[in-house]
Amino acid sequence: MSRYEIIKSYDEKKYISDPPIIILNYALTADHQNDSVLAQIKFQNLSEKEISALYIHVDTYGVDGKQLEGNKEHAYLDLQAGQNTVFGSNIPVHLPDNKTRDLSIFCDKIVYSDSSVCTFDKPQLFQKLEEGKRIKDLLGGIEFDELRHVLKKESIPLSPDDLVTPVRDGKIWQCACGTYSVLEKCPSCLKTYDWWRSHLEKEYLVKSHEDRMKLEAEQRAHELEIQREKEEAGKRARIKALKVGAVVLGAVLAILIGRQIYNHIIVPNGMYKQAMALAEESKYEEANDILKQLENRDYSEEKINAGKEKILASKYEDADECVKQKKFKSALDLFSELGSYSDSKERITDTKYLYAKEQYERGEYDKAISAFKDVIDYSDSAELLKKAEEDRDKAVLETAYNTGLQEYKQKHYKDAVVWFADISDYKDACYYLGDCYYQQEEYEQAEKELSKVKKDSELYEDAQDKLKECKKINTYNSALSSLSNGRIAEAKKALESIKGFKDSDEKLAVADSIISEGFIGTYHNTDSDHSKEYIQIKCEVDISNNERLYSVYKQNNKEETIYKNAKIIDGKLVAFDEIDDTNPNAEVDEHPLKESTNMFQPDKSIYNSNGGGTGVSGGGSFISGEWSSGGISAVVPGRLDYSTYTAGEKITYEHQNGVLRESHTILKKRSDNDSVASNDTTTFEYEGID
């Protein structure tokens with residue numbers, strides 16, 4: 001399936017009368033690649049003023065005739081459409097709904113080349129324009145034949161078959177030749193509306209026929225009189241020698257013979273002449289019918305065959321004339337009817353080739369491709385077929401490019417992206433695609449496309465300026481992302497490359513401060529038995545206000561615990577539990593923990609000199625420990641009843657296997673039933689790593 005498919009075409013003419021513009025035809029085309037529907041509209045400017053821009057909008061309707069939501073505005077720009085100029089058919093209008101099966105087309109505004117603008121109180125609907133009826137359906141045989149003589153006499157190179165009745169609608173009138181105009185004389189045939197109306201009336205044609213027949217009869221009678229006088233002069237000498245009886249006998253015989261001559265010679269000869277006359281008028285079927293009647297009259301077989309030959313020759317000449325006039329389809333019909341006459345079969349192939357070339361030259365590439373395939377082995381058809389396919393692809397690209405450009409100029413950037421995205425390598429489409437992304441603040445895509453603009457392009461310098469801006473914005477956004485996700489060193493490097501851009505210097509100062517504090521980093525377990533365990537400290541920044549949020553990630557046997565409530569207090573990193581332990585008004589009943597704190601030194605040591613916790617349900621710090629010669633001790637909170645201890649007393653908790661686990665200092669004692677976080681865990685040795 002090809003990308004584009006015409007799903008409905010309209011040949012009816014539509015118009016607005018002031019200023020006079022007509023729609024010659026329009027079509028709906030499916031774009032299968034983008035699952036959309038396009039409208040292609042062919043306009044003709046009948047006004048004397050040259051149009052530079054035409055603004056329209058369309059209402060769309062579904063197959064059920066119901067109006068679809070939304071309408072589509074479109075502008076035809078840079079037109080230079082003078083009087084009688086046709087335009088617009090090569091610029092598709094991208095419709096908002098792919099279920100569209102009919103249109104109403106409105107004119108919103110017209111801009112002329114002299115900078116004047118035509119506006120309307122309300123959009124002007126293009127209404128159906130009355131079209132003339134075919135003359136051949138209205139006239140009888142005599143009138144229709146007479147019209148052929150009238151056209152010949154007036155040197156009008158048209159066939160009666162092509163004529164329609166002239167009609168007028170306001171300023172606009174359709175000539176009998178089919179041309180629409182607002183001028184007094186048709187620009188094609190140079191005849192006026194009134195001339196055609198009078199010369200196509202039946203009464204006129206009948207009288208014209210009668211006058212012509214009378215004149216031809218008078219001419220024939222005059223010619224016969226001259227001939228008779230010559231014949232009479234010769235007869236007089238012979239008649240004198242005849243006797244009266246012989247004269248009478250001769251008269252009787254003449255009557256008898258005359259009847260035979262009339263029935264068997266004069267009538268058939270007249271029919272034969274009529275057949276030949278019909279052949280000259282290209283009425284071949286009627287001519288052949290008469291020859292068949294002559295065969296039944298035992299007319300001269302030699303003359304009948306000669307007549308048939310003359311009909312074939314006349315038809316061949318007509319076919320040849322059709323080729324010269326580039327009426328290739330009519331020529332093909334005639335050559336096909338001629339069968340094996342002369343070189344008709346060869347002429348069929350030749351005519352198909354000429355038709356294919358004509359379609360190619362007119363830009364009807366699909367028709368040309370189909371026609372060239374039909375004569376692929378003839379002349380240079382294979383070569384031209386390839387060119388037609390290449391030019392069709394270029395035409396598709398050009399159509400997409402022009403449509404995208406129209407949408408771009410109207411600042412319909414999303415619609416323009418649809419067209420430019422598939423043809424970014426064509427002409428400067430990459431620039432316009434990149435700028436569409438740029439205008440929509442999609443800077444990563446913009447940078448990708450703008451970097452493709454070639455140095456020899458007129459848009460290269462502008463592309464480079466936008467590209468530099470995109471790179472700074474993308475670097476800045478990447479830095480903010482790194483800063484807000486705790487990748488501080490990465491953010492610092494990016495911000496250093498765009499100093500002075502927006503608030504990069506301010507964000508860089510935040511990153512430098514975080515790094516200089518020395519808290520962030522990863523602490524690995526040096527115990528080989530627990531080498532997969534570690535503690536990671538990160539700092540994420542709220543980029544809206546530069547507030548820092550430190551987080552502690554604890555990894556133990558692939559089970560991760562995350563604490564995101566650490567802050568810097570008095571130069572130390574303190575991690576709080578679910579409520580703020582620094583709040584002196586917090587009630588114990590609100591949370592089992594109240595005084596739990598965890599301190600992280602700037603040198604990345606972890607200790608609990610004033611850590612611990614109290615609470616009715618126990619509790620403790622999520623990381624606790626104290627300095628020892630071996631490094632840092634980290635514990636998993638447990639529970640330990642300390643009702644027998646007093647505040648300030650240092651206790652030692654031993655695991656069931658008797659191994660020393662931790663020393664803990666009791667801060668205070670609330671009641672004999674209170675408990676404190678125990679240290680039921682293995683001692684971990686950590687080292688700080690950036």
Side-chain angles (χ1 to χ4, degrees), residues 1-14 23-43 54-77 87-108 123 125-128 363-367 369-370 392-426 429-430 432-433 435-437 439-440 442 445 449:
M1 177 186 294
S2 60
R3 175 175 176 178
Y4 298 103
E5 177 188 1
I6 295 177
I7 54 178
K8 196 170 185 179
S9 60
Y10 305 82
D11 291 326
E12 64 181 12
K13 310 295 186 295
K14 296 191 173 186
I23 294 174
L24 297 174
N25 53 56
Y26 59 101
L28 295 175
T29 301
D31 179 353
H32 295 298
Q33 183 168 322
N34 292 320
D35 192 23
S36 62
V37 172
L38 319 170
Q40 292 174 274
I41 310 170
K42 182 186 289 187
F43 297 91
L54 174 66
Y55 293 81
I56 68 164
H57 78 267
V58 299
D59 289 343
T60 57
Y61 304 87
V63 68
D64 57 359
K66 293 183 179 180
Q67 185 170 350
L68 303 174
E69 292 186 2
N71 58 45
K72 177 64 179 179
E73 297 177 348
H74 190 78
Y76 296 88
L77 306 176
F87 64 91
S89 61
N90 64 332
I91 304 176
V93 179
H94 184 67
L95 301 178
D97 196 320
N98 63 5
K99 295 186 290 296
T100 299
R101 291 300 180 271
D102 201 359
L103 300 173
S104 290
I105 306 169
F106 297 82
C107 180
D108 297 328
L125 173 66
F126 280 89
Q127 301 182 34
K128 185 175 180 180
E364 298 286 347
Y365 299 117
D366 287 333
K367 292 181 180 178
I369 289 168
S370 177
R392 177 193 59 185
D393 294 341
K394 288 180 182 178
V396 170
L397 290 173
E398 188 68 15
T399 297
Y401 180 83
N402 288 335
T403 306
L405 204 56
Q406 290 281 332
E407 300 289 4
Y408 172 84
K409 289 178 179 179
Q410 297 178 72
K411 298 184 179 180
H412 300 162
Y413 298 119
K414 287 186 178 180
D415 290 337
V417 164
V418 172
W419 292 101
F420 288 130
D422 294 330
I423 60 166
S424 61
D425 294 332
Y426 184 69
C430 56
Y432 293 110
L433 179 59
D435 196 35
C436 287
Y437 286 129
Q439 300 297 336
Q440 298 178 89
E442 298 179 34
Q445 289 292 337
E449 298 302 330

Seminar exercise, completed: Closest heavy-atom pair, Tyr10 versus Arg101, reported as atoms and distance to 0.1 Å, is OH-O, 2.7 Å
Exercise. Nearest heavy-atom pair of Leu68 and Lys99: which atoms, and what distance?
Worked result: CD1-C, 4.0 Å
Problem set entry | Nearest heavy-atom neighbours spanning Phe420 and Leu405 | CZ-N, 3.4 Å
Seminar exercise, completed: OH (Tyr437) and NZ (Lys414) are apart, to the nearest 0.5 Å, by 12.0 Å
For this session: Would you check if Lys42 and Ile23 make a side-chain contact, meaning some heavy-atom pair closer than 4.5 Å?
Result: no
Problem set entry | Any donor-acceptor N or O pair under 3.5 Å, side chains Ser104, Tyr61 | yes
For this session: Kindly give the heavy-atom pair with the smallest separation between Glu449 and Cys430, and that separation in Å.
Result: CB-O, 3.5 Å
For this session: Can you measure from CD1 (Ile56) to CG (Asp108) and round to the nearest 0.5 angstrom?
Result: 8.0 Å
Exercise. Could you state the interatomic distance from CD1 (Ile423) to CG (Leu397), rounded to the nearest 0.5 Å?
Worked result: 6.0 Å
Exercise. Gln406 and Asn402: side chain to side chain donor-acceptor pair (under 3.5 Å), yes or no, with the steps?
Worked result: CA-CA 6 Å; Gln406 290 281 332; Asn402 288 335; over 6 Å; no
Exercise. Shortest non-hydrogen contact from Tyr408 to Ala416?
Worked result: N-CB, 3.9 Å
For this session: Flag the pair Phe43 / Tyr76 as yes when their ring centroid distance falls below 6.0 Å, and as no otherwise.
Result: yes
For this session: Using the side-chain contact (heavy atoms from CB on, under 4.5 Å) rule, pick out the option among Leu38, Leu95, Thr60, Ile6 that qualifies with Leu28.
Result: Leu95
Problem set entry | Flag for Asp393-Tyr365: side-chain donor and acceptor within less than 3.5 Å | no
Problem set entry | Under 3.5 Å donor-acceptor, Lys13 side chain and Asp11 backbone | yes
For this session: Decide yes or no on side chain to side chain donor-acceptor pair (under 3.5 Å) for Glu398 and Tyr426, but give the supporting numbers first.
Result: CA-CA 9 Å; Glu398 188 68 15; Tyr426 184 69; 2.5 Å; yes
For this session: Output, in order, the C-alpha distance, side-chain angles, deciding distance and verdict of side-chain contact (heavy atoms from CB on, under 4.5 Å) for Glu12 and Lys128.
Result: CA-CA 7 Å; Glu12 64 181 12; Lys128 185 175 180 180; 4.0 Å; yes
For this session: Among Asp31, Thr29, Thr399, find the residue that satisfies the side-chain contact (heavy atoms from CB on, under 4.5 Å) test when tested with Pro92.
Result: Thr399
Exercise. Between atom CD of Gln40 and atom CG of Asn25, what is the distance when rounded to the nearest 0.5 Å?
Worked result: 10.0 Å
Exercise. What's the verdict on side chain to side chain donor-acceptor pair (under 3.5 Å) for Tyr413 and Asp435, showing C-alpha distance, side-chain angles and the deciding distance?
Worked result: CA-CA 9 Å; Tyr413 298 119; Asp435 196 35; 5.7 Å; no
Problem set entry | Sidechain-backbone polar pair: Asn34 side chain, Ser36 backbone, donor-acceptor under 3.5 Å | no
Seminar exercise, completed: In short, Ile7 meets Ala30 closest at the heavy-atom pair CG2-CB, 3.9 Å
Seminar exercise, completed: The residue among Ile41, Leu54, Val58, Ile91 that forms side-chain contact (heavy atoms from CB on, under 4.5 Å) with His74 is Ile91
Problem set entry | Residue pair Glu407, Lys409: steps toward the salt bridge (Lys or Arg N to Asp or Glu O under 4.0 Å) verdict | CA-CA 6 Å; Glu407 300 289 4; Lys409 289 178 179 179; over 6 Å; no
Seminar exercise, completed: Rounding to 0.5 Å, atoms CD (Glu73) and NE2 (His57) come to a distance of 7.5 Å
Problem set entry | Interatomic spacing from NE2 in His94 to OG1 in Thr403 - rounded to 0.5 Å | 10.0 Å
Problem set entry | Pair Asp415-Lys72, salt bridge (Lys or Arg N to Asp or Glu O under 4.0 Å): steps then yes or no | CA-CA 11 Å; Asp415 290 337; Lys72 177 64 179 179; 3.0 Å; yes
Problem set entry | Neighbour count above 12 (heavy atom, 6.0 Å) for Leu125 CG | yes
For this session: Report yes or no: does Gln440 contribute a side-chain atom to a donor-acceptor pair with the main-chain N or O of Cys436 at less than 3.5 Å?
Result: yes
Problem set entry | Side-chain donor or acceptor of Thr100 paired with backbone N/O of Asp97 under 3.5 Å | yes
